[in-house]
Number of protein chains: 2
Amino acid sequence: MLNRHPDKRSRLVDAAVRLVHEQGFARTTLADIAGAAGVPLGNVYYYFKTKEAIGEALVAHHAGHYATLRGQWNQSGDARSRLAAFVQMTADNRAVLARSGCPVGTLCAELHKAGGPLAEQTGAIFTELLGWLEEQFRALGRDTDAADLALHLLSALQGVSLIAHSLDDPEYVDRETARLTGWIQTL
Amino acid sequence: MLNRHPDKRSRLVDAAVRLVHEQGFARTTLADIAGAAGVPLGNVYYYFKTKEAIGEALVAHHAGHYATLRGQWNQSGDARSRLAAFVQMTADNRAVLARSGCPVGTLCAELHKAGGPLAEQTGAIFTELLGWLEEQFRALGRDTDAADLALHLLSALQGVSLIAHSLDDPEYVDRETARLTGWIQTL
DNA sequence: GTCTATATGTGGATAGAC
DNA sequence: GTCTATCCACATATAGAC
């Protein structure tokens, strides 16, 4: 990625990230993205050969975002506080989650029904997250069941995001994250 | 619902349920549904005024399906065994869940991004399920936190369905349902 | 009630001037 | 590199014969 077109290209990606989160990938048209980014429709194809190419940039954006967060969390605190920070991030996003769901979770669900290479790339974000969570649980001395605990935590957060989104009520996020935060303290 | 056209209409709904689960609602065309049901495209509009009307029938189908299951579970066993049966149903569906996700969860996610009245109708399935789960936990003597336990259980199951679907691996379902089954026994 | 043919709208993608 | 105009495929929906 030589990034020779920082302005327009990143504006297009930013617009795509926001619109796809709100409307879904299929429902978001190139005209929507171009309009939101202030770029004429035809010019989009100079930066992205196809709509799927925008999808790839989108997935890369989310993957990079979570990689950055993990890097920050790895800099400070112990494993328990890192897990708490992860849960707290979900709690802080209660309003957005109720309105549009988890950006990664909803994208995974949609792209996997469509099939194709994009689906696997999105799923990889979960794999990376599960790996990082497993490391934290292992650091807490849960060597034997670290992977299961990681799966349980991510499942609960993804599930409550889906439910809060489906019922359009951020209170579900509050209740489940409160429970998970307490659970982490008992480990 | 007078159900004066049992054959073709129910064939169309059955085909829609299957195809929408596999492909998503937006990606499933009326031609797909008509073809799978062995009905000419134009004739679909005699039974359903619009595509959204098919969506309503679809949601009603799922709502009815879960209502029937709850009715069966309510007939036998105690609350703990009912909760175990609910989790076991997810475990038994591991292969389908990994391939296409939870029919209700994926439908909720997709329809809620599209907006409109269908979104609320689908979400109501979750509300009904949460209510039933809450009753079971209350029957176990968890009066104060029954609603939170219900939310936790449904979140974990919906979340692991999403993860297993995103990573196309039924083993995630096995691991999380095993944990949840054990958890229920401790309550 | 059933089915064929088609109208209508939309969205991804391209041509080609500048 | 940029932008306008347009092509083309496809999906919902309708018209109208039978």
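Letters go in sequence order (proteins before strands), and every chain restarts at 1.
Between A:Asp7 atom CG and D:dT2 atom P there is a gap of 10 Å when expressed in whole angstrom units. Spacing between atom CG of B:Asp32 and atom P of D:dA11 amounts to 7 Å, rounded to whole angstrom units. Rounded to an integer number of Å, the gap from B:Leu12 CG to C:dG1 C1' is 14 Å. Rounded to whole angstrom, the span from the CZ atom of B:Phe25 across to the P atom of D:dA11 amounts to 14 Å. Atom CD of B:Glu52 is separated from atom P of D:dT12 by 13 Å (rounded to the nearest Å). Following rounding to the nearest Å, B:Leu41 (CG) and D:dT14 (C1') show an atom-to-atom distance of 11 Å. Taking atom CZ of B:Arg27 as the reference point, atom P of C:dG11 lies 16 Å away to the nearest angstrom. For A:Ile33 and C:dG11, the CD1 to C1' distance is 12 Å, given to the nearest whole Å.
Residues B:Thr106 and A:Lys113 bring a donor and an acceptor atom of their side chains to less than 3.5 Å of each other.
Between the side chain of A:Arg82 and the backbone N or O of A:Asn74, at least one donor-acceptor pair lies under 3.5 Å. Checked by atom type and distance alone, the side chain of A:Glu110 never pairs as donor or acceptor with a backbone atom of A:Gly24 at under 3.5 Å. With hydrogens and angles disregarded, no donor-acceptor distance shorter than 3.5 Å links the side chain of B:His152 to the backbone of A:Arg175. For A:Asn93 (side chain) and A:Val96 (main-chain N/O), no donor-acceptor pair under 3.5 Å exists by modelled atom type.
Between B:Thr28 and the options B:Gln23, B:His21, B:Arg18, a side chain to side chain donor-acceptor pair (under 3.5 Å) holds for only B:Gln23.
Here D:dA13 is the nucleotide among C:dT2, C:dA13, D:dA13 with the atom lying nearest to any side-chain atom of B:Leu30. Side-chain atoms of B:Asn43 lie closest to C:dC3 of the nucleotides C:dG12, C:dC3, D:dC3. Nearest nucleotide to the side chain of A:Pro40, out of D:dC3, C:dT2, D:dT12: D:dC3. Comparing D:dT12, D:dT2, C:dC3 by their nearest atom to the side chain of A:Tyr46 picks out D:dT2. In this structure, of D:dT12, C:dA13, D:dC3, it is D:dT12 that holds the atom nearest to the side chain of B:Tyr45.
Overall, the helix from C:dG1-D:dC18 to C:dC18-D:dG1 carries an axis bend of 10° between its ends, with five pairs at each end and the value rounded to 10°.
Residue B:Lys8 places at least one side-chain N or O closer than 4.0 Å to OP1 or OP2 of C:dT2.
A ring pair (Phe, Tyr, Trp, His ring centres under 6.0 Å) check over residues 92-113 of chain A, counting only residues at least two apart or in different chains, returns the pairs A:His112-B:His165.
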